[in-house]
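One structure is given below, encoded as C-alpha coordinates.
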Amino acid sequence: MPVLHIQHGKVALSYQDTGTATAVIVLVHGFPFSSDLWLPQIAALRDRYRVIAPDLRGFGRSEVTPGPYPMELFAADISELLDGLGIDEAVIGGLSMGGYVAFEFYRRHPDRVTAMVLADTRPDPDTPEARANREKMADLARASGSRAVTEQLLPKLLARATREHKPGVVSALREMMESAKPEAIEAALRGMPLRADSRPLLAELAVPVLIMNGAEDRITPAEETREWSLRIPRAQFEIIEDAGHVSNLEQPEAFNRVLLKFLARSVRPGADPGDE
Ligand code: MLT
(Lines give C-alpha, C1' and ligand atoms only; values in the text may rest on other atoms or scores of the structure.)
Protein backbone atom coordinates (compact mmCIF):
# COMPACT_ATOMS: atom_id res chain seq x y z
CA MET A 1 0.00 0.00 0.00
CA PRO A 2 1.46 3.43 -0.86
CA VAL A 3 2.55 5.78 1.87
CA LEU A 4 2.77 9.55 1.68
CA HIS A 5 4.74 11.58 4.19
CA ILE A 6 2.77 14.59 5.39
CA GLN A 7 3.42 17.39 7.87
CA HIS A 8 6.79 18.08 6.32
CA GLY A 9 7.70 14.42 6.42
CA LYS A 10 6.75 13.90 10.05
CA VAL A 11 3.81 11.50 9.59
CA ALA A 12 3.59 8.52 7.23
CA LEU A 13 0.04 8.16 5.99
CA SER A 14 -0.88 5.00 4.13
CA TYR A 15 -3.74 4.86 1.65
CA GLN A 16 -5.35 2.71 -1.00
CA ASP A 17 -5.37 4.29 -4.45
CA THR A 18 -7.23 2.36 -7.12
CA GLY A 19 -8.51 3.15 -10.58
CA THR A 20 -7.21 5.53 -13.20
CA ALA A 21 -10.19 7.80 -13.89
CA THR A 22 -9.76 11.49 -13.23
CA ALA A 23 -12.95 11.65 -11.12
CA VAL A 24 -11.81 10.97 -7.55
CA ILE A 25 -13.80 9.53 -4.65
CA VAL A 26 -12.20 9.73 -1.19
CA LEU A 27 -13.60 7.24 1.32
CA VAL A 28 -12.91 7.81 5.01
CA HIS A 29 -13.28 4.89 7.39
CA GLY A 30 -15.03 4.88 10.76
CA PHE A 31 -13.80 4.02 14.24
CA PRO A 32 -11.85 1.85 14.93
CA PHE A 33 -11.42 0.48 11.43
CA SER A 34 -9.03 0.99 8.53
CA SER A 35 -9.23 1.64 4.80
CA ASP A 36 -10.04 -2.06 4.37
CA LEU A 37 -13.55 -1.13 5.48
CA TRP A 38 -14.05 0.08 1.92
CA LEU A 39 -12.84 -2.98 0.01
CA PRO A 40 -16.31 -3.80 -1.41
CA GLN A 41 -16.74 -0.21 -2.60
CA ILE A 42 -13.23 -0.04 -4.06
CA ALA A 43 -14.00 -3.17 -6.08
CA ALA A 44 -17.30 -1.76 -7.33
CA LEU A 45 -16.06 1.73 -8.20
CA ARG A 46 -12.55 1.18 -9.51
CA ASP A 47 -13.50 0.75 -13.17
CA ARG A 48 -15.21 4.12 -13.31
CA TYR A 49 -13.55 6.23 -10.63
CA ARG A 50 -10.26 6.67 -8.87
CA VAL A 51 -10.86 5.67 -5.27
CA ILE A 52 -8.58 6.95 -2.52
CA ALA A 53 -9.13 5.35 0.87
CA PRO A 54 -6.73 6.65 3.53
CA ASP A 55 -5.83 4.86 6.73
CA LEU A 56 -6.50 7.67 9.17
CA ARG A 57 -3.55 8.67 11.31
CA GLY A 58 -2.79 5.88 13.77
CA PHE A 59 -5.05 3.33 12.03
CA GLY A 60 -4.31 0.60 9.48
CA ARG A 61 -0.74 1.07 8.32
CA SER A 62 -0.56 4.77 9.02
CA GLU A 63 1.84 5.96 11.63
CA VAL A 64 0.68 6.50 15.20
CA THR A 65 1.38 9.89 16.72
CA PRO A 66 0.49 11.08 20.21
CA GLY A 67 -3.24 11.87 20.65
CA PRO A 68 -5.80 13.20 20.88
CA TYR A 69 -6.88 13.11 17.22
CA PRO A 70 -9.48 15.83 16.69
CA MET A 71 -11.46 15.61 13.44
CA GLU A 72 -9.65 18.77 12.26
CA LEU A 73 -6.39 16.83 12.35
CA PHE A 74 -7.79 13.96 10.27
CA ALA A 75 -9.30 16.45 7.78
CA ALA A 76 -5.99 18.31 7.52
CA ASP A 77 -4.20 15.00 6.91
CA ILE A 78 -6.57 14.18 4.05
CA SER A 79 -6.15 17.61 2.55
CA GLU A 80 -2.37 17.18 2.62
CA LEU A 81 -2.68 13.72 1.15
CA LEU A 82 -4.72 15.11 -1.77
CA ASP A 83 -2.19 17.93 -2.21
CA GLY A 84 0.58 15.36 -2.34
CA LEU A 85 -1.30 13.39 -4.98
CA GLY A 86 -2.02 16.50 -7.04
CA ILE A 87 -5.80 16.19 -6.56
CA ASP A 88 -7.72 19.45 -6.32
CA GLU A 89 -11.30 18.22 -5.94
CA ALA A 90 -13.06 15.01 -5.01
CA VAL A 91 -16.23 13.42 -3.78
CA ILE A 92 -15.75 13.01 -0.03
CA GLY A 93 -17.40 10.05 1.63
CA GLY A 94 -17.24 8.84 5.20
CA LEU A 95 -18.85 6.30 7.49
CA SER A 96 -19.61 7.30 11.06
CA MET A 97 -16.40 8.92 12.38
CA GLY A 98 -15.43 9.17 8.70
CA GLY A 99 -18.57 11.27 8.30
CA TYR A 100 -17.43 13.60 11.10
CA VAL A 101 -14.19 13.99 9.14
CA ALA A 102 -16.10 14.61 5.90
CA PHE A 103 -18.12 17.40 7.57
CA GLU A 104 -14.90 18.95 8.84
CA PHE A 105 -13.25 18.61 5.44
CA TYR A 106 -16.18 20.44 3.83
CA ARG A 107 -16.07 23.16 6.50
CA ARG A 108 -12.42 23.82 5.69
CA HIS A 109 -12.40 23.20 1.95
CA PRO A 110 -15.86 23.59 0.41
CA ASP A 111 -14.20 24.37 -2.90
CA ARG A 112 -12.49 20.96 -2.97
CA VAL A 113 -15.69 18.93 -2.52
CA THR A 114 -17.77 18.02 -5.59
CA ALA A 115 -20.27 15.80 -3.73
CA MET A 116 -20.57 14.03 -0.38
CA VAL A 117 -21.49 10.56 0.80
CA LEU A 118 -22.42 10.28 4.47
CA ALA A 119 -23.06 6.80 5.85
CA ASP A 120 -24.27 5.94 9.36
CA THR A 121 -23.09 9.18 10.83
CA ARG A 122 -24.47 12.26 12.56
CA PRO A 123 -23.84 16.03 12.53
CA ASP A 124 -24.54 16.46 16.27
CA PRO A 125 -21.81 16.87 18.86
CA ASP A 126 -21.51 14.29 21.64
CA THR A 127 -23.99 14.31 24.49
CA PRO A 128 -22.52 14.36 28.02
CA GLU A 129 -23.37 10.65 28.26
CA ALA A 130 -21.51 9.88 25.02
CA ARG A 131 -18.50 11.81 26.30
CA ALA A 132 -18.49 9.82 29.53
CA ASN A 133 -18.71 6.56 27.60
CA ARG A 134 -15.80 7.56 25.40
CA GLU A 135 -13.72 8.35 28.49
CA LYS A 136 -14.46 4.88 29.84
CA MET A 137 -13.63 3.21 26.56
CA ALA A 138 -10.41 5.19 26.19
CA ASP A 139 -9.39 3.99 29.64
CA LEU A 140 -10.30 0.44 28.65
CA ALA A 141 -8.17 0.69 25.48
CA ARG A 142 -5.22 1.86 27.51
CA ALA A 143 -5.61 -0.72 30.26
CA SER A 144 -6.75 -3.78 28.33
CA GLY A 145 -6.05 -3.21 24.63
CA SER A 146 -7.96 -3.49 21.37
CA ARG A 147 -9.48 -6.88 21.99
CA ALA A 148 -11.34 -5.62 25.06
CA VAL A 149 -12.66 -2.66 23.09
CA THR A 150 -13.74 -4.96 20.26
CA GLU A 151 -15.62 -7.21 22.70
CA GLN A 152 -17.56 -4.23 23.94
CA LEU A 153 -18.21 -2.51 20.62
CA LEU A 154 -18.66 -5.23 18.02
CA PRO A 155 -22.00 -6.60 19.29
CA LYS A 156 -23.53 -3.14 18.96
CA LEU A 157 -22.43 -2.58 15.40
CA LEU A 158 -24.13 -5.24 13.33
CA ALA A 159 -27.66 -6.11 12.23
CA ARG A 160 -29.15 -9.44 13.23
CA ALA A 161 -28.96 -10.68 9.61
CA THR A 162 -25.23 -9.99 9.57
CA ARG A 163 -24.58 -11.65 12.92
CA GLU A 164 -26.57 -14.74 11.95
CA HIS A 165 -25.79 -15.17 8.27
CA LYS A 166 -22.56 -13.37 7.44
CA PRO A 167 -19.77 -14.83 9.57
CA GLY A 168 -17.19 -13.57 7.05
CA VAL A 169 -18.27 -9.96 7.61
CA VAL A 170 -18.24 -10.41 11.39
CA SER A 171 -14.74 -11.87 11.33
CA ALA A 172 -13.39 -9.27 8.88
CA LEU A 173 -14.67 -6.51 11.13
CA ARG A 174 -13.36 -8.21 14.25
CA GLU A 175 -9.93 -8.56 12.70
CA MET A 176 -9.85 -4.90 11.67
CA MET A 177 -10.88 -3.79 15.16
CA GLU A 178 -8.58 -6.11 17.06
CA SER A 179 -5.61 -5.04 14.98
CA ALA A 180 -6.25 -1.34 15.66
CA LYS A 181 -3.53 0.04 17.89
CA PRO A 182 -4.75 0.88 21.42
CA GLU A 183 -2.95 4.25 21.27
CA ALA A 184 -4.91 5.18 18.13
CA ILE A 185 -8.18 3.98 19.65
CA GLU A 186 -7.57 6.13 22.69
CA ALA A 187 -6.49 9.12 20.60
CA ALA A 188 -9.63 8.97 18.42
CA LEU A 189 -11.88 8.50 21.46
CA ARG A 190 -10.37 11.59 23.05
CA GLY A 191 -10.60 13.48 19.75
CA MET A 192 -14.20 12.76 18.75
CA PRO A 193 -15.79 14.72 21.63
CA LEU A 194 -13.83 17.78 20.53
CA ARG A 195 -15.59 17.93 17.18
CA ALA A 196 -17.60 20.94 16.06
CA ASP A 197 -21.38 20.88 15.89
CA SER A 198 -22.04 20.24 12.19
CA ARG A 199 -25.79 20.87 12.35
CA PRO A 200 -25.42 24.52 11.26
CA LEU A 201 -23.40 23.29 8.28
CA LEU A 202 -26.20 21.14 6.86
CA ALA A 203 -28.07 23.97 5.17
CA GLU A 204 -24.80 25.25 3.73
CA LEU A 205 -23.76 22.06 1.96
CA ALA A 206 -23.88 23.30 -1.61
CA VAL A 207 -23.15 19.99 -3.35
CA PRO A 208 -25.18 16.81 -3.93
CA VAL A 209 -25.14 14.74 -0.73
CA LEU A 210 -26.00 11.05 -0.48
CA ILE A 211 -26.93 9.95 3.03
CA MET A 212 -27.22 6.23 3.74
CA ASN A 213 -28.11 4.49 6.96
CA GLY A 214 -28.52 0.88 8.00
CA ALA A 215 -32.16 0.18 8.93
CA GLU A 216 -31.00 -1.53 12.14
CA ASP A 217 -28.26 0.89 13.09
CA ARG A 218 -28.40 1.32 16.88
CA ILE A 219 -25.61 3.91 17.03
CA THR A 220 -26.97 6.36 14.46
CA PRO A 221 -30.63 5.34 14.09
CA ALA A 222 -32.10 5.69 10.59
CA GLU A 223 -35.06 7.82 11.72
CA GLU A 224 -32.73 10.42 13.26
CA THR A 225 -30.61 10.42 10.13
CA ARG A 226 -33.65 10.92 7.91
CA GLU A 227 -34.59 13.98 9.99
CA TRP A 228 -31.27 15.77 9.72
CA SER A 229 -30.88 14.85 6.04
CA LEU A 230 -33.98 16.98 5.32
CA ARG A 231 -31.99 20.07 6.25
CA ILE A 232 -29.49 19.50 3.40
CA PRO A 233 -30.61 21.29 0.21
CA ARG A 234 -29.50 18.64 -2.30
CA ALA A 235 -29.84 15.49 -0.22
CA GLN A 236 -30.73 11.96 -1.19
CA PHE A 237 -31.53 9.76 1.80
CA GLU A 238 -31.52 5.97 1.52
CA ILE A 239 -32.09 3.24 4.07
CA ILE A 240 -30.05 0.06 3.67
CA GLU A 241 -32.18 -2.87 4.81
CA ASP A 242 -30.74 -5.67 6.96
CA ALA A 243 -27.77 -3.53 7.89
CA GLY A 244 -26.62 -2.05 11.17
CA HIS A 245 -23.96 0.61 11.70
CA VAL A 246 -21.52 -0.75 9.11
CA SER A 247 -23.97 -0.71 6.23
CA ASN A 248 -21.35 -0.64 3.45
CA LEU A 249 -19.81 -3.90 4.63
CA GLU A 250 -23.00 -5.59 5.80
CA GLN A 251 -24.96 -5.06 2.58
CA PRO A 252 -22.38 -4.12 -0.04
CA GLU A 253 -24.60 -4.89 -3.05
CA ALA A 254 -27.40 -2.57 -1.92
CA PHE A 255 -24.95 0.08 -0.73
CA ASN A 256 -22.98 0.02 -3.98
CA ARG A 257 -26.09 0.12 -6.14
CA VAL A 258 -27.24 3.34 -4.47
CA LEU A 259 -23.73 4.79 -4.47
CA LEU A 260 -23.07 4.08 -8.16
CA LYS A 261 -26.39 5.62 -9.19
CA PHE A 262 -25.71 8.71 -7.10
CA LEU A 263 -22.21 9.10 -8.51
CA ALA A 264 -23.41 8.60 -12.07
CA ARG A 265 -25.76 11.54 -11.55
CA SER A 266 -23.36 13.73 -9.57
CA VAL A 267 -19.96 13.09 -11.13
CA ARG A 268 -19.15 12.26 -14.72
CA PRO A 269 -17.00 9.11 -14.70
CA GLY A 270 -13.66 9.76 -16.26
CA ALA A 271 -14.43 13.46 -16.52
CA ASP A 272 -12.19 15.95 -14.87
CA PRO A 273 -14.25 17.26 -11.93
CA GLY A 274 -12.62 20.60 -12.65
CA ASP A 275 -14.56 20.67 -15.92
CA GLU A 276 -17.96 20.28 -14.24
C1 MLT B 1 -17.76 4.91 14.21
O2 MLT B 1 -18.25 3.87 13.74
O3 MLT B 1 -16.92 5.57 13.59
C4 MLT B 1 -18.19 5.34 15.59
O5 MLT B 1 -19.41 4.75 15.90
C6 MLT B 1 -18.25 6.82 15.72
C7 MLT B 1 -18.59 7.24 17.11
O8 MLT B 1 -18.23 6.55 18.08
O9 MLT B 1 -19.22 8.29 17.27
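Order of listing sets the numbers, starting from 1, for every ligand and every atom in it. Index from 1, following the sequence.
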So with a 6.0 Å cut-off around CD of E164, is the heavy-atom count from everything else above 12? yes

What's the shortest distance from atom 6 (C) of ligand 1 to any protein heavy atom, and which residue and atom give it? S96 OG, 3.1 Å

Does the distance from a Lys or Arg side-chain N to an Asp or Glu carboxylate O, for R190 and D139, drop under 4.0 Å? yes

Using a 4.5 Å cut-off on heavy atoms from C-beta on, say whether the side chain of R107 contacts that of E72. no

Numbering the atoms of ligand 1 from 1, which are under 4.0 Å from a heavy atom of M192? 6 (C), 7 (C), 8 (O), 9 (O)

Salt bridge between E186 and K181, side-chain N to carboxylate O under 4.0 Å? no

Verdict with reasoning, M116 to I232, per side-chain contact (heavy atoms from CB on, under 4.5 Å): CA-CA 11 Å; M116 292 178 84; I232 301 176; over 6 Å; no

At less than 4.0 angstrom from any non-hydrogen atom of G30, what atoms of ligand 1 do you find? 3 (O)

May I ask you to check whether G98 has an N/O atom sitting below 3.5 Å from an N/O atom of ligand 1? no

Looking at M97, which atoms of ligand 1 are within less than 4.0 Å of one of its heavy atoms? 1 (C), 3 (O), 6 (C)

Is the shortest N/O to N/O distance between L95 and ligand 1 below 3.5 Å? no

When you measure from atom 8 (O) of ligand 1 to each heavy atom in R134, H245, H29, R195, which option holds the nearest one? R134

Using a strict cut-off of 4.0 Å, indicate which atoms of ligand 1 neighbour a heavy atom of F31. 1 (C), 2 (O), 3 (O)

Look only at the side chain of S179 and the backbone of M176, and say whether a donor-acceptor pair between them is shorter than 3.5 Å. yes

Where ligand 1 meets Y100 - atom numbers and elements under 4.0 angstrom, heavy-atom basis: 6 (C), 7 (C), 9 (O)

Please work out which of the three classes, parallel, tilted or perpendicular, describes the rings of F255 and W38, given edges at 30° and 60°. tilted

